[in-house]
Amino acid sequence: GIQVEQSPPDLILQEGANSTLRCNFSDSVNNLQWFHQNPWGQLINLFYIPSGTKQNGRLSATTVATERYSLLYISSSQTTDSGVYFCAVDNYGQNFVFGPGTRLSVLP
Amino acid sequence: DAGITQSPRYKITETGRQVTLMCHQTWSHSYMFWYRQDLGHGLRLIYYSAAADITDKGEVPDGYVVSRSKTENFPLTLESATRSQTSVYFCASSTGRAGELFFGEGSRLTVL
(Lines give C-alpha, C1' and ligand atoms only; values in the text may rest on other atoms or scores of the structure.)
Protein backbone atom coordinates (compact mmCIF):
# COMPACT_ATOMS: atom_id res chain seq x y z
CA GLY A 1 0.00 0.00 0.00
CA ILE A 2 0.89 3.64 -0.16
CA GLN A 3 3.48 4.91 2.29
CA VAL A 4 3.21 8.33 3.90
CA GLU A 5 6.13 10.05 5.59
CA GLN A 6 6.16 13.31 7.48
CA SER A 7 9.07 15.48 8.48
CA PRO A 8 10.32 16.61 10.82
CA PRO A 9 8.90 14.27 13.46
CA ASP A 10 9.29 16.94 16.12
CA LEU A 11 9.63 20.70 15.94
CA ILE A 12 10.11 23.28 18.67
CA LEU A 13 9.63 26.97 17.85
CA GLN A 14 9.55 30.26 19.61
CA GLU A 15 6.32 32.17 19.26
CA GLY A 16 6.41 34.30 16.14
CA ALA A 17 8.63 31.98 14.12
CA ASN A 18 7.69 30.42 10.79
CA SER A 19 7.81 26.73 9.95
CA THR A 20 7.36 24.30 7.08
CA LEU A 21 6.05 20.77 7.56
CA ARG A 22 6.45 18.21 4.83
CA CYS A 23 4.41 15.19 3.75
CA ASN A 24 5.85 12.73 1.23
CA PHE A 25 3.87 9.90 -0.29
CA SER A 26 4.98 6.91 -2.31
CA ASP A 27 2.30 6.76 -4.99
CA SER A 28 -0.19 8.86 -6.92
CA VAL A 29 -2.94 10.27 -4.77
CA ASN A 30 -6.47 11.34 -5.46
CA ASN A 31 -6.79 13.55 -2.45
CA LEU A 32 -4.82 14.89 0.47
CA GLN A 33 -5.84 16.46 3.75
CA TRP A 34 -3.97 18.21 6.55
CA PHE A 35 -5.21 17.98 10.14
CA HIS A 36 -4.19 19.54 13.41
CA GLN A 37 -4.63 17.47 16.55
CA ASN A 38 -4.66 19.90 19.42
CA PRO A 39 -3.41 19.08 22.94
CA TRP A 40 -6.95 18.06 23.92
CA GLY A 41 -6.98 15.41 21.21
CA GLN A 42 -9.39 17.02 18.76
CA LEU A 43 -8.67 16.50 15.07
CA ILE A 44 -9.28 19.72 13.21
CA ASN A 45 -9.44 20.04 9.45
CA LEU A 46 -6.89 22.44 8.02
CA PHE A 47 -6.82 21.84 4.29
CA TYR A 48 -8.34 19.53 1.74
CA ILE A 49 -5.78 19.96 -1.01
CA PRO A 50 -5.25 17.31 -3.70
CA SER A 51 -3.19 19.80 -5.71
CA GLY A 52 -2.27 23.44 -5.84
CA THR A 53 -2.02 25.99 -3.06
CA LYS A 54 -4.51 27.17 -0.47
CA GLN A 55 -4.27 29.72 2.29
CA ASN A 56 -6.23 30.22 5.47
CA GLY A 57 -4.96 33.05 7.64
CA ARG A 58 -1.46 32.28 8.88
CA LEU A 59 -1.56 28.78 7.41
CA SER A 60 -1.07 27.76 3.83
CA ALA A 61 -0.55 24.47 2.05
CA THR A 62 0.85 23.39 -1.27
CA THR A 63 0.52 19.97 -2.86
CA VAL A 64 2.65 18.97 -5.83
CA ALA A 65 1.00 15.69 -6.73
CA THR A 66 3.33 14.94 -9.64
CA GLU A 67 6.31 15.05 -7.26
CA ARG A 68 4.44 13.30 -4.46
CA TYR A 69 4.68 15.80 -1.66
CA SER A 70 2.74 18.41 0.21
CA LEU A 71 3.94 21.27 2.40
CA LEU A 72 2.17 23.01 5.26
CA TYR A 73 3.42 26.50 6.12
CA ILE A 74 2.75 28.10 9.47
CA SER A 75 3.69 31.75 9.74
CA SER A 76 3.99 33.85 12.90
CA SER A 77 3.37 30.78 15.05
CA GLN A 78 1.33 31.04 18.23
CA THR A 79 1.21 28.79 21.27
CA THR A 80 -2.23 27.63 20.13
CA ASP A 81 -0.57 26.11 17.06
CA SER A 82 1.01 23.45 19.30
CA GLY A 83 -0.07 19.88 18.73
CA VAL A 84 0.41 17.21 16.11
CA TYR A 85 -0.04 17.83 12.40
CA PHE A 86 -1.12 14.92 10.23
CA CYS A 87 -1.40 14.57 6.52
CA ALA A 88 -3.68 11.91 5.09
CA VAL A 89 -3.75 10.74 1.49
CA ASP A 90 -6.24 8.84 -0.60
CA ASN A 91 -4.69 6.45 -3.09
CA TYR A 92 -7.38 6.24 -5.81
CA GLY A 93 -10.02 4.04 -4.34
CA GLN A 94 -8.26 3.16 -1.15
CA ASN A 95 -9.28 4.84 2.04
CA PHE A 96 -7.29 7.67 3.54
CA VAL A 97 -3.89 6.64 4.89
CA PHE A 98 -2.44 8.83 7.62
CA GLY A 99 1.15 9.83 8.08
CA PRO A 100 2.86 9.49 11.47
CA GLY A 101 2.52 13.21 12.21
CA THR A 102 4.77 16.12 13.12
CA ARG A 103 4.66 17.20 16.76
CA LEU A 104 4.92 20.99 17.03
CA SER A 105 5.63 22.81 20.26
CA VAL A 106 5.44 26.61 20.21
CA LEU A 107 7.05 28.21 23.20
CA PRO A 108 5.93 31.59 24.57
CA ASP B 1 -24.66 22.81 14.02
CA ALA B 2 -23.90 19.68 16.07
CA GLY B 3 -21.78 18.04 13.35
CA ILE B 4 -20.48 14.69 14.48
CA THR B 5 -20.75 13.53 18.06
CA GLN B 6 -19.39 10.50 19.87
CA SER B 7 -20.43 8.88 23.12
CA PRO B 8 -19.25 8.04 25.61
CA ARG B 9 -16.19 10.27 25.60
CA TYR B 10 -14.50 8.12 28.25
CA LYS B 11 -15.11 4.49 29.11
CA ILE B 12 -13.39 2.02 31.40
CA THR B 13 -14.36 -1.62 31.07
CA GLU B 14 -13.05 -5.06 31.87
CA THR B 15 -11.69 -7.78 29.63
CA GLY B 16 -14.45 -9.84 28.08
CA ARG B 17 -17.20 -7.25 28.37
CA GLN B 18 -19.16 -5.93 25.43
CA VAL B 19 -18.77 -2.23 24.71
CA THR B 20 -20.55 -0.05 22.17
CA LEU B 21 -19.26 3.31 21.06
CA MET B 22 -21.82 5.55 19.44
CA CYS B 23 -21.36 7.97 16.58
CA HIS B 24 -23.99 10.37 15.29
CA GLN B 25 -23.70 12.94 12.48
CA THR B 26 -26.13 15.64 11.44
CA TRP B 27 -24.73 16.43 8.00
CA SER B 28 -26.34 13.52 6.12
CA HIS B 29 -22.91 12.47 4.91
CA SER B 30 -23.08 9.16 3.10
CA TYR B 31 -19.72 7.86 4.33
CA MET B 32 -18.79 7.17 7.93
CA PHE B 33 -15.59 5.76 9.36
CA TRP B 34 -14.15 4.40 12.58
CA TYR B 35 -10.45 4.89 13.34
CA ARG B 36 -8.34 3.99 16.32
CA GLN B 37 -5.33 5.99 17.41
CA ASP B 38 -2.46 4.39 19.25
CA LEU B 39 1.03 5.57 20.09
CA GLY B 40 3.42 4.22 17.50
CA HIS B 41 0.67 3.29 15.05
CA GLY B 42 -1.01 6.58 14.30
CA LEU B 43 -4.56 6.52 12.99
CA ARG B 44 -5.78 3.23 11.55
CA LEU B 45 -9.08 2.50 9.87
CA ILE B 46 -11.25 -0.13 11.56
CA TYR B 47 -14.44 -0.11 9.49
CA TYR B 48 -16.24 2.21 7.15
CA SER B 49 -19.70 2.53 5.67
CA ALA B 50 -20.73 3.95 2.30
CA ALA B 51 -24.44 4.18 3.17
CA ALA B 52 -27.07 2.66 5.40
CA ASP B 53 -26.69 -1.13 5.49
CA ILE B 54 -23.37 -1.01 3.59
CA THR B 55 -20.24 -1.57 5.65
CA ASP B 56 -16.74 -2.78 4.88
CA LYS B 57 -13.55 -3.67 6.70
CA GLY B 58 -10.62 -1.37 7.06
CA GLU B 59 -7.07 -2.10 8.10
CA VAL B 60 -7.72 -3.47 11.61
CA PRO B 61 -11.28 -4.92 11.80
CA ASP B 62 -10.67 -7.97 14.01
CA GLY B 63 -12.61 -7.89 17.28
CA TYR B 64 -15.01 -5.19 16.14
CA VAL B 65 -18.54 -5.17 14.75
CA VAL B 66 -20.37 -2.29 13.11
CA SER B 67 -23.84 -1.63 11.87
CA ARG B 68 -25.55 1.21 10.07
CA SER B 69 -29.31 0.99 10.07
CA LYS B 70 -29.68 4.78 9.73
CA THR B 71 -27.54 7.17 7.74
CA GLU B 72 -26.80 9.33 10.76
CA ASN B 73 -25.63 6.61 13.17
CA PHE B 74 -22.64 4.30 13.00
CA PRO B 75 -22.07 2.38 16.25
CA LEU B 76 -18.90 0.39 16.87
CA THR B 77 -19.17 -2.68 19.11
CA LEU B 78 -16.40 -4.59 20.81
CA GLU B 79 -18.11 -7.90 21.45
CA SER B 80 -15.53 -9.15 23.97
CA ALA B 81 -13.10 -6.40 24.86
CA THR B 82 -9.39 -7.15 25.15
CA ARG B 83 -6.59 -5.05 26.63
CA SER B 84 -5.15 -4.53 23.17
CA GLN B 85 -8.31 -2.61 22.32
CA THR B 86 -7.41 0.10 24.81
CA SER B 87 -7.20 3.10 22.52
CA VAL B 88 -8.72 6.37 21.44
CA TYR B 89 -11.47 5.81 18.90
CA PHE B 90 -12.45 8.43 16.37
CA CYS B 91 -15.54 8.48 14.22
CA ALA B 92 -15.47 10.48 10.99
CA SER B 93 -17.80 11.28 8.14
CA SER B 94 -17.49 12.57 4.61
CA THR B 95 -19.55 13.12 1.49
CA GLY B 96 -17.55 10.51 -0.42
CA ARG B 97 -14.94 7.79 0.08
CA ALA B 98 -12.17 10.28 -0.66
CA GLY B 99 -14.12 13.32 0.34
CA GLU B 100 -13.08 15.73 3.07
CA LEU B 101 -13.05 13.91 6.41
CA PHE B 102 -14.62 15.45 9.49
CA PHE B 103 -13.86 13.89 12.86
CA GLY B 104 -15.74 13.57 16.10
CA GLU B 105 -14.07 14.41 19.40
CA GLY B 106 -12.97 10.87 20.11
CA SER B 107 -13.80 8.21 22.69
CA ARG B 108 -11.06 7.11 25.05
CA LEU B 109 -11.52 3.43 25.96
CA THR B 110 -9.55 1.64 28.64
CA VAL B 111 -9.86 -2.13 28.97
CA LEU B 112 -8.60 -3.46 32.28
Side-chain angles (χ1 to χ4, degrees), chain A residues 1-10 21 23-52 54 56 59 61 63 65 70 72 83-103, chain B residues 1-6 8-11 21 23 25 27 29-50 54-61 66 74 87-110:
Chain A
I2 192 169
Q3 303 298 310
V4 183
E5 298 176 344
Q6 291 186 244
S7 60
D10 296 279
L21 283 58
C23 173
N24 291 334
F25 37 94
S26 61
D27 203 349
S28 302
V29 298
N30 191 34
N31 281 307
L32 185 145
Q33 253 185 282
W34 282 97
F35 297 90
H36 174 214
Q37 187 166 36
N38 65 24
W40 296 270
Q42 291 178 300
L43 281 159
I44 299 162
N45 291 32
L46 296 178
F47 295 101
Y48 179 66
I49 184 167
S51 63
K54 290 186 177 179
N56 185 3
L59 274 61
T63 297
S70 182
L72 177 68
V84 183
Y85 289 81
F86 292 100
C87 69
V89 302
D90 166 69
N91 181 215
Y92 288 98
Q94 306 300 312
N95 293 293
F96 274 102
V97 174
F98 282 77
T102 291
R103 182 174 297 277
Chain B
D1 184 356
I4 183 165
T5 55
Q6 295 183 228
R9 296 288 314 282
Y10 303 92
K11 176 76 177 177
L21 305 179
C23 180
Q25 53 109 351
W27 292 313
H29 285 169
S30 56
Y31 276 79
M32 296 187 75
F33 306 82
W34 275 106
Y35 289 86
R36 60 178 289 174
Q37 185 177 31
D38 306 286
L39 279 174
H41 291 281
L43 280 143
R44 293 179 293 174
L45 182 64
I46 304 171
Y47 269 97
Y48 68 99
S49 169
I54 300 175
T55 62
D56 207 348
K57 296 178 180 179
E59 181 185 353
V60 288
V66 294
F74 191 38
S87 187
V88 180
Y89 292 86
F90 286 96
C91 180
S93 71
S94 75
T95 55
R97 188 173 188 173
E100 188 173 4
L101 277 175
F102 295 91
F103 281 91
E105 294 183 318
S107 295
R108 182 177 294 276
L109 175 68
T110 301

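- Considering only heavy atoms from C-beta on, B/L43 comes within 4.5 Å of A/L43 through its side chain.
- Only the side chain of B/Q37 comes within less than 4.5 Å of a heavy atom in chain A; its backbone stays farther off.
- Between B/F33 and A/F96, the distance from one ring center to the other does not fall under 6.0 angstrom.
- For B/F90, the part lying under 4.5 angstrom from a heavy atom of chain A is the side chain only.
- Note: A/N45 leads A/N45, A/V84, A/I44 in heavy-atom pairs under 4.5 Å with chain B.
- Although no hydrogens or angles enter the test, the distance criterion places no donor-acceptor pair under 3.5 Å between the side chain of A/N95 and the main chain of B/L45.
- Annotation: side chain of A/Y48 is not in contact with side chain of B/L101 (no heavy-atom distance under 4.5 Å).
- The contact between A/Q37 and chain B is made entirely by side chain atoms (from C-beta outward), counting heavy-atom distances below 4.5 Å.
- For chain A, the option among B/G99, B/G42, B/A92 with the highest count of heavy-atom pairs below 4.5 Å is B/G99.
- Put simply, of A/F86, A/F35, A/W40, the one with the most heavy-atom pairs under 4.5 Å next to chain B is A/F35.
- The environment of CZ in B/R44 is crowded: more than 12 heavy-atom neighbours from other residues, nucleotides or ligands sit within 6.0 Å.
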